Enquirer: 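Got a structure here, written out as structure tokens. Questions coming.
These values consider heavy atoms only, across backbone and side chains, with no hydrogens, waters or symmetry-generated copies. All values reported here derive from a predicted model rather than from experimental measurement. Chain letters run A, B, ... following the sequence lines, proteins first and then strands; every chain starts at 1.
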Amino acid sequence: MNQQAEGKRGLIAAAMLAAGIGSFVLGLMTSLSEGIHPVENALNFYNPVGALTGKTWIAIAFWLISWAVLAGKWRNQAVDFGKVYNITLILVALGLLGTFPLFFDLL
Amino acid sequence: MMTLTARESWAVIHGMMLGALFLLAFAGGLAELINLGSEWTTEAGIVKRVRRLIAGTWIMAIVAWLTVITGTYIVYPWYRAKPPEGADLTMFPRSFLLSKPDTAGWHNFGMEWKEHVAWFAPILATAVAYMVTRYGTKLAKDEQVRHAIIVLFTIAFLTAAVAGIFGAFINKAAPIH
């Protein structure tokens, strides 16, 4: 695979992993907010919507910042796409678990 | 007469119109992604398919963002508003659902899951749209990347589907007026 194609693979791997990181942070924020009352209050950035604003804004911030950082790092670099894909799936699965009510109700 | 209140209209825009568009974009995008790997597709055919795929995935991503933004910042505040003392609870869906044990689960499980899981869809759909745009026609030859995109695209759809299905049921149990 030539360098240009490797670079493109690096950029798409960065986008994929960043989406996994954003998903994981969304699940983490949801579980923390549901389990710890002061966290829920702290995440209430906009009262009509409540803590959902904080959870989603923080997840989006992590997603976009990690995307920019990873894209800068992997722009011209060969990456193990399969490994990045597996890590992404694990992060998304953990994120989904964190937003599942039967899970966060246990906390 | 067939009239809808402003709140009912927003609920229709959020749940039905944007939801239907999302579904169409997903169905089209998935078909293009699967067929892109076909050995019968010519070079010219690949270029055409990728163009349609780029358009379809970006439409899906934009629609997903519009759906969660209208849902979270327009419809959800009406749903969760706290009723004043002695108010008619049918005007306050969250409080109405929680007022009876046989409907409380629609909020405690349904709405609690829906309001969070919906946000996976725009994040994942945007990643997919970017990946398709950036990788372009190389997708046809790269089964590993295409497979990853199909999986992420499907997860984006399933999370939106969970949110949409619960939204429809909750709006049936406690409509926004």
Enquirer: Out of B:V162, B:V117, B:T126, B:T159, return the one with the most heavy atom pairs under 4.5 angstrom to chain A.
Expert: B:T126
Enquirer: Name the option with the most non-hydrogen atom pairs under 4.5 Å to chain A; the candidates are B:K82, B:M131, B:E115.
Expert: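 The residue among B:K82, B:M131, B:E115 with the greatest pair count is B:M131.
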Enquirer: For the OG1 atom of A:T53 and the OH atom of B:Y76, what is their distance to the nearest 0.5 Å?
Expert: 9.5 Å
Enquirer: Answer with side chain, backbone, both or neither: which region of B:I149 has an atom nearer than 4.5 Å to a non-hydrogen atom of chain A?
Expert: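 It is neither, since no heavy atom gets under 4.5 Å.
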Enquirer: Against chain A, work out which of B:V68, B:V151, B:T133, B:V132 has the most heavy-atom pairs shorter than 4.5 Å and name it.
Expert: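 The answer is B:V151.
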Enquirer: Using heavy-atom distances under 4.5 Å, tell me whether B:I123 contacts chain A through its side chain, its backbone, both, or neither.
Expert: both
Enquirer: For A:Y85 and B:Q144, what are the C-alpha separation, side-chain angles and deciding distance, and is it a side-chain contact (heavy atoms from CB on, under 4.5 Å)?
Expert: CA-CA 9 Å; A:Y85 171 60; B:Q144 188 185 34; over 6 Å; no
Enquirer: Step through the shown structure and confirm whether more than 12 heavy atoms of other residues, nucleotides or ligands are within 6.0 Å of CZ on B:F92.
Expert: yes
Enquirer: For A:L52, is it the side chain, the backbone, both, or neither that has a heavy atom closer than 4.5 Å to a heavy atom of chain B?
Expert: side chain
Enquirer: Is A:T88 close to chain B through its backbone or its side chain, or both, or neither, when contacts mean heavy atoms under 4.5 Å?
Expert: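 For A:T88, the contact with chain B is made by the side chain alone.
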Enquirer: Heavy-atom pairs under 4.5 Å with chain A - which of B:L124, B:V128, B:V145 has more of them than the others?
Expert: B:V145
Enquirer: What pairs with B:E43 under salt bridge (charged side-chain N to carboxylate O under 4.0 Å, His left out), at least two apart in sequence or on another chain?
Expert: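 If we apply the salt bridge (charged side-chain N to carboxylate O under 4.0 Å, His left out) test to B:E43, skipping adjacent residues, the hits are B:K141.
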Enquirer: CZ of B:R134 to CG of A:L11: how many Å apart, nearest 0.5 Å?
Expert: 5.0 Å
Enquirer: Using non-hydrogen atoms and a 4.5 Å limit, figure out which bit of A:L64 sits close to chain B: side chain, backbone, both or neither.
Expert: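 Neither part, no heavy atoms under 4.5 Å.
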Enquirer: Please identify each residue that fulfils ring pair (Phe, Tyr, Trp, His ring centres under 6.0 Å) with A:F100, with sequence neighbours left out.
Expert: B:F109, B:W113
Enquirer: Does the side chain of B:E112 come within less than 4.5 Å of A:D105's, by heavy atoms?
Expert: no
Enquirer: What part of B:Y73 is in contact with chain A, defined as an atom under 4.5 angstrom from a non-hydrogen atom: side chain, backbone, both or neither?
Expert: both
Enquirer: Tell me, side chain or backbone of A:T56 under 4.5 Å from chain B's heavy atoms, or both, or neither?
Expert: side chain
Enquirer: Top residue by heavy-atom pair count (under 4.5 Å) with chain B, among A:A18, A:G22, A:G50, A:A59?
Expert: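 Of the candidates given, the most pairs with chain B belong to A:G50.
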Enquirer: Is it the backbone or the side chain of B:R80 that comes under 4.5 Å from a heavy atom of chain A, or both, or neither?
Expert: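 B:R80 touches chain A through side-chain heavy atoms alone.
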Enquirer: Check whether more than 12 heavy atoms from other residues, nucleotides or ligands sit under 6.0 Å from atom CZ of B:R52, and answer yes or no.
Expert: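 Atom CZ in B:R52 is crowded, with more than 12 foreign heavy atoms closer than 6.0 Å.
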Enquirer: Run the side-chain contact (heavy atoms from CB on, under 4.5 Å) test on A:T99 and B:F120 for me, step by step, so that the C-alpha distance in whole Å, both residues' side-chain angles and the decisive distance to 0.1 Å come before the verdict.
Expert: CA-CA 10 Å; A:T99 58; B:F120 285 84; 3.7 Å; yes
